Amino acid sequence: MKKIKCDVCGFKMLPQKELLYEVRETLGFAEALTSCTKTFEAMDCPRCGHQVVFGVRMARVQALGRME
């Protein structure tokens, strides 16, 4: 995995699966009606505690059966 860097203290760390959590983008009322909320991967910096957001989680798409 690629190391990520904290924007506040500059500490470089490897994302650890057990420390990752989901963050959702906050939208205004008009935006909420017209677009989907984005979900990101995030982790807290072990040195300063700042939230480091680094990856977009994509929604899973399931293929439909063929229509005949």
Side-chain angles (χ1 to χ4, degrees):
M1 277 192 139
K2 183 180 174 185
K3 285 189 176 183
I4 55 174
K5 183 178 174 184
C6 177
D7 297 332
V8 176
C9 68
F11 184 71
K12 292 182 180 178
M13 61 198 133
L14 285 173
Q16 298 173 1
K17 190 173 186 176
E18 59 273 359
L19 299 177
L20 296 179
Y21 56 92
E22 238 179 52
V23 179
R24 293 179 189 228
E25 177 183 45
T26 56
L27 299 175
F29 180 72
E31 291 174 321
L33 294 174
T34 60
S35 64
C36 300
T37 58
K38 291 182 184 174
T39 306
F40 300 94
E41 298 263 344
M43 185 176 132
D44 293 333
C45 176
R47 182 182 284 172
C48 69
H50 181 260
Q51 183 183 61
V52 181
V53 178
F54 59 89
V56 178
R57 281 194 178 180
M58 304 301 280
R60 290 187 181 197
V61 177
Q62 294 181 351
L64 300 174
R66 289 184 3 185
M67 295 182 69
E68 293 181 22

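Owing to the predicted nature of the structure, the values given are computational and were not obtained by experimental measurement.
Considering all non-hydrogen atoms of both residues, D44 and Q51 come closest at OD1-CA, 3.7 Å. Looking at every heavy atom in both residues, Y21 comes nearest to V23 through CE1-CG2, 3.7 Å. The two atoms that bring P15 and K2 nearest to each other are CD-O, 3.4 Å, heavy atoms only.
Using a 4.5 Å heavy-atom cutoff, the side chains of E22 and F40 are not in contact. Using a 4.5 Å cut-off on side-chain heavy atoms (C-beta onward), M13 and P46 make contact. The shortest side-chain heavy-atom distance between V52 and F11 does not fall under the 4.5 Å cut-off. Residues V8 and C45 are not in side-chain contact: their nearest non-hydrogen atoms beyond the backbone lie 4.5 Å or more apart.
The side-chain hydrogen bond (donor to acceptor under 3.5 Å, both in side chains) pairs that include a residue from residues 5-14 number zero, where partners must be two or more places apart or lie in different chains.
One finds the CE atom of M43 at 9.0 Å from the CD atom of E18 (value rounded to the nearest 0.5 Å). Remark: L14 CG to K3 NZ distance equals 5.5 Å, nearest 0.5 Å.
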